Amino acid sequence: MPIDTVTIREPDYGPRERLYLRELVRGLLITSRHFFRNLFGERDLNSEVGERQGANLIATVSYPEERRAYPPGYRGMHRLVPREDGKPRCVACYMCATVCPAQCIYIEAGEYDQEGIEKYPTRFEIDELRCIVCGFCVEACPKDAIRMDTGTHSPAVLSRPLATFDKEALLKGPAVSHPTDAITYGKSRRGEPLKH
Amino acid sequence: MAEPNTATASPAPPPSTAAAPAGPSTSATTIAPAPEGFVNVVVDGKHAVVPQGVNLIEAARQVNVAIPYFCYHPKLSIAGQCRMCLVETSDARGRLVAGCQIRVKEGLQIFTKTDLVKDAQRASEEFHLVNHPVDCAICDQSGECKLQDYYVGYDAKPSRIATYKVNKPKRKIFGPLVVYDGERCILCTRCVRFMNEIAKEPQIAMVGRGDHSEIDTVPGGQLDSKYSGNTVDICPVGALLNRDFRFTSRVWYLENERTVCDACANGCNVGADVRADEVYRYLPKRNEEVNDVWLCDDGRVSYHRAMDGRVETARIGRGDAARFLSDEAAVQSTAEALKPLVGSSELAVLISKTLTTEEMLAAAVFARDVLGQKRIYSTGRPPGSGDDFLIRTDKNPNAPGLDLVAKALGLELIDADDPKNHAQHLVMFGAEMTGDLSARGQAMAQALKTLVVLGVQHTPITEAATHLLPLSTHLEQEGTFLNYYGRLQRFRQAIPQRFDSMPAWAWVTRLSKALGGQWLFESAAEAFGVLAAKSAPLGGKSLEALPDTGVVLEGLAPAEYPARAPRPAGTK
Ligand code: SF4
Ligand code: SF4
Ligand code: SF4
Ligand code: SF4
Ligand code: FES
């Protein structure tokens, strides 16, 4: 099979570029500007630095004592959304585990005895090391039971198993309810007790 | 896709020759007259020769045209309940007929893709969904649900239902194996017809009128037939669900591996649904000469034998002296214990009727040629209740297999319960006992000087063993079972060998090596080959060449079959 070849020539640099002196000075000027700004405490007013402590006004963010806030819509650590009664909204339908391209969600399902909700997760684990933070699980969930709205990234850990978060660790954050949640066994869709 | 086969009926009709048919031709091309017992039909322009008397659904199936249906089932009576199968025919263009009820006739044209039919299919699907909860997210049927599939295939429109849906009982326990969800039920009555016509135990019925209709058990009773699990299989939606399987896995994770049920002598063909090397359920596989398309409830849950209570590692010594060993160390220690017993009349070898034929052969040659025995003892599960349909009283899957092996090797076969048996040392292939496993049997087992047991699950016998070796189930190996009427059925390995277990032929190979014997089996096929060379009924068959549905061996058939039991074609 013939292969098309393209010859790429290096661009012609003039003597000014070849000397490199001008760029060197420009770089040093930027460094010095920040140095003097920090030295005299002039703060960069545009940066949204969270948790800034004391009267520190220097422009450099001293991570991790100081953190910049993540932009809205940032896909952070997962959480399992609780119902008003504190139990997970999750019904263990495995949609998230099925769609997950990294196959990092592990679920085992159980059955409530009395409640209108039949199925719930007895185990729900996410391996945050394997997670590629695609957000497909959030999209796939029919119950709005898993969200990535915690605004934090998954923490650094000292050993791999510690990066697998279980149901108890994931179940956090504000409770969420939807109008259709009222539909439970024994009640009609209007929330009235059933006649038969 | 290749050209659809236009002549799939058997016996195959003769290829259309020059002979032009007399009478009016139904299509532009000339069609040869169908052979005796067959008729010509045209489905969506495709010519088919189909047996007389089949319905339009089956006729269309022969040329790969799918007519959707819920309530029709090839093994049950016709109910005409769901109206999903409506099609047009040349007899009355512009009118719809039920494809499940109408039979073919010579020259009939069937139209399944006209606008009228498509409208009817969409309307039917929409009607079925009027009160349907569509809780697929928690419905075990999801992924193998006709309502789901047909929605995608024939409707695929957003719901137009603006009112509240009718509420019905959810999660109603019908019986030990079956739970019912009234909201998901499409009232096709397949389950009712199955219980009436096949199980012949009318335990459920349709009650109520209109959209308050539901299926219920008869007052004061429950769905506790030994065949109740089949209602779950034939329920086209998630209304009847298997309580044993419920919520354990989504069906799209499972892979179906063909195997044979080992819970009784019938040898029903099943598919083991496997995920991550574990079996989650058995589903029946069609074999009209063994189990048709059905399965009994005990068989359905019998896969638990491979999953629960397993002997996991080899153990030497009983009680406080017990030590757990690696396979190699256990083989060495067992061989040392057996060495002084070679040829002794104090030693007896028991072989369970639950083993595969290949395992039996290996165990028997080990007893004869390595341990120098002239007779072997048969053991197995005690007999239980049976009926005239699928369930046999003999709860062992391979009793005729042991007879075959003993005959082929010229060994005397004696029942282990025989009072002649006063051995001080026992080697047991399989930890089942026909006699009672109660205190008496246990005390006897404890009194034995040497008790070598190859066992699958923990039993009082394995507790008493001085040398315990973990044995694989039939799911973990290739092999054959010989069912009660002499059908040799081959099965393949469905899951890897669990824990430290091995098939009996693999243990025999190791023990034999350690004792200086010459019987070394690398595979089940090798053991089968040894047996086939010695046994007349097997007549030089090979394991690889056995068909999936099995072969019937000559001269083993019973004088009389149970009244309703499926049997080989041509037998009475
Ligand atoms: S974000 Fe993506 S990779 Fe991570 S758990 Fe969800 S689906 Fe899986
Ligand atoms: S998709 Fe949602 S409801 Fe389903 S298992 Fe995942 S978190 Fe639970
Ligand atoms: S029966 Fe079918 S359509 Fe109905 S909830 Fe179950 S899977 Fe969904
Ligand atoms: S329970 Fe299933 S099989 Fe029985 S009528 Fe309802 S949908 Fe049909
Ligand atoms: S399949 Fe024909 S009416 Fe149901």
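Numbered from 1 within each chain, the chains take letters A, B, ... in sequence-line order. Small disclaimer: the values here were computed from a predicted structure and weren't measured.
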Check your understanding: Do any of residues 224-249 of chain B come closer than 4.5 Å to chain A, heavy atom to heavy atom, and if so which ones, in number order?
Key -> B:Arg246, B:Phe247, B:Thr248
Exercise for review: Return each pair, listed once, that meets salt bridge (Lys or Arg N to Asp or Glu O under 4.0 Å) where at least one residue sits in residues 124-134 of chain A; pairs must be two or more places apart or across chains.
Suggested key: A:Arg123-A:Glu125
Revision key, fill the gap. Rounded to the nearest 0.5 angstrom, the NZ-CG distance for A:Lys119 and B:Asp140 is 5.5 Å
Step through the shown structure and confirm whether more than 12 heavy atoms of other residues, nucleotides or ligands are within 6.0 Å of [atom1] on [X].
{"X": "A:Glu168", "atom1": "CD", "result": "yes"}
{"X": "B:Phe127", "atom1": "CZ", "result": "no"}
{"X": "B:Glu255", "atom1": "CD", "result": "no"}

Point to revise | Expected output: side-chain B:Arg250 to main-chain A:Tyr94 donor-acceptor under 3.5 Å | key: no
Point to revise | Distance-minimising heavy-atom pair for A:Cys93 and B:Ala137 | key: CB-O, 2.9 Å
Exercise for review: Quick one: which residue pairs count as a ring-ring contact (aromatic ring centres under 6.0 Å, His included) with a foot in residues 120-139 of chain A, not counting sequence neighbours?
Suggested key: A:Tyr112-A:Tyr120
Point to revise | All pairs passing side chain to side chain donor-acceptor pair (under 3.5 Å) where residues 146-162 of chain B contributes a residue, at least two apart | key: B:Glu126-B:Arg160, B:Ser142-B:Gln148, B:Lys146-B:Tyr150
Check your understanding: A:Glu118 versus B:Val179: any side-chain heavy-atom pair under 4.5 Å?
Key -> no
